[in-house]
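The basis for the numbers below is simple: all heavy atoms, side chains too, and nothing from hydrogens, waters or symmetry mates.
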Amino acid sequence: MKVVFIICIIIVIIVLLLSVLTTSKAYQYKHTVDPIKKSDDEEIKEQCNKEN
């Protein structure tokens with residue numbers, strides 16, 4: 001019975017360590033966002049505003 005309990009504790013510790021490592025690595029990941037492409041109407045408005 002003690003052997004089963006010790007094996008269970010070891011498995012729990014391994015799973016906990018893997019979870020912490022995975023979460024830590026996920027927070028270190030740098031996300032990038034593509035810029036929003038402007039529509040033709042917005043570009044025309046900006047050009048008109050610059051000219052005035």
Side-chain angles (χ1 to χ4, degrees):
M1 188 68 174
K2 288 182 180 182
V3 174
V4 173
F5 187 72
I6 291 173
I7 292 173
C8 291
I9 296 295
I10 291 172
I11 291 173
V12 167
I13 291 171
I14 290 172
V15 170
L16 180 65
L17 287 175
L18 289 174
S19 299
V20 169
L21 288 173
T22 303
T23 304
S24 174
K25 190 171 184 176
Y27 275 113
Q28 292 174 358
Y29 183 78
K30 297 289 182 185
H31 295 277
T32 57
V33 178
D34 294 335
I36 298 173
K37 184 177 179 183
K38 294 183 180 180
S39 67
D40 293 335
D41 294 336
E42 291 177 358
E43 290 179 9
I44 293 170
K45 287 179 185 177
E46 284 185 5
Q47 289 175 355
C48 290
N49 288 339
K50 289 179 183 177
E51 291 174 0
N52 293 336

Open item on the list: Under 4.5 Å between side-chain heavy atoms, counting indirect links through other Ile/Leu/Val/Met/Phe/Trp/Tyr residues: same cluster for I6 and I14 or not?
Closed with: yes

- [ ] Any chance you could pull the hydrophobic cluster mates of Y27, using side-chain heavy atoms under 4.5 angstrom and chaining through other members?
- [x] none

TODO: Indicate yes or no for a side-chain donor-acceptor contact from S24 to the backbone of V20 under 3.5 Å, with no hydrogens or angles considered.
DONE: no

- [ ] Could you identify which residues cluster with I7, counting Ile, Leu, Val, Met, Phe, Trp and Tyr as linked when any side-chain heavy atoms lie under 4.5 Å apart, either directly or through a chain of such contacts?
- [x] V3, I11, V15

- [ ] Any chance you could pull the hydrophobic cluster mates of L17, using side-chain heavy atoms under 4.5 angstrom and chaining through other members?
- [x] F5, I9, I13

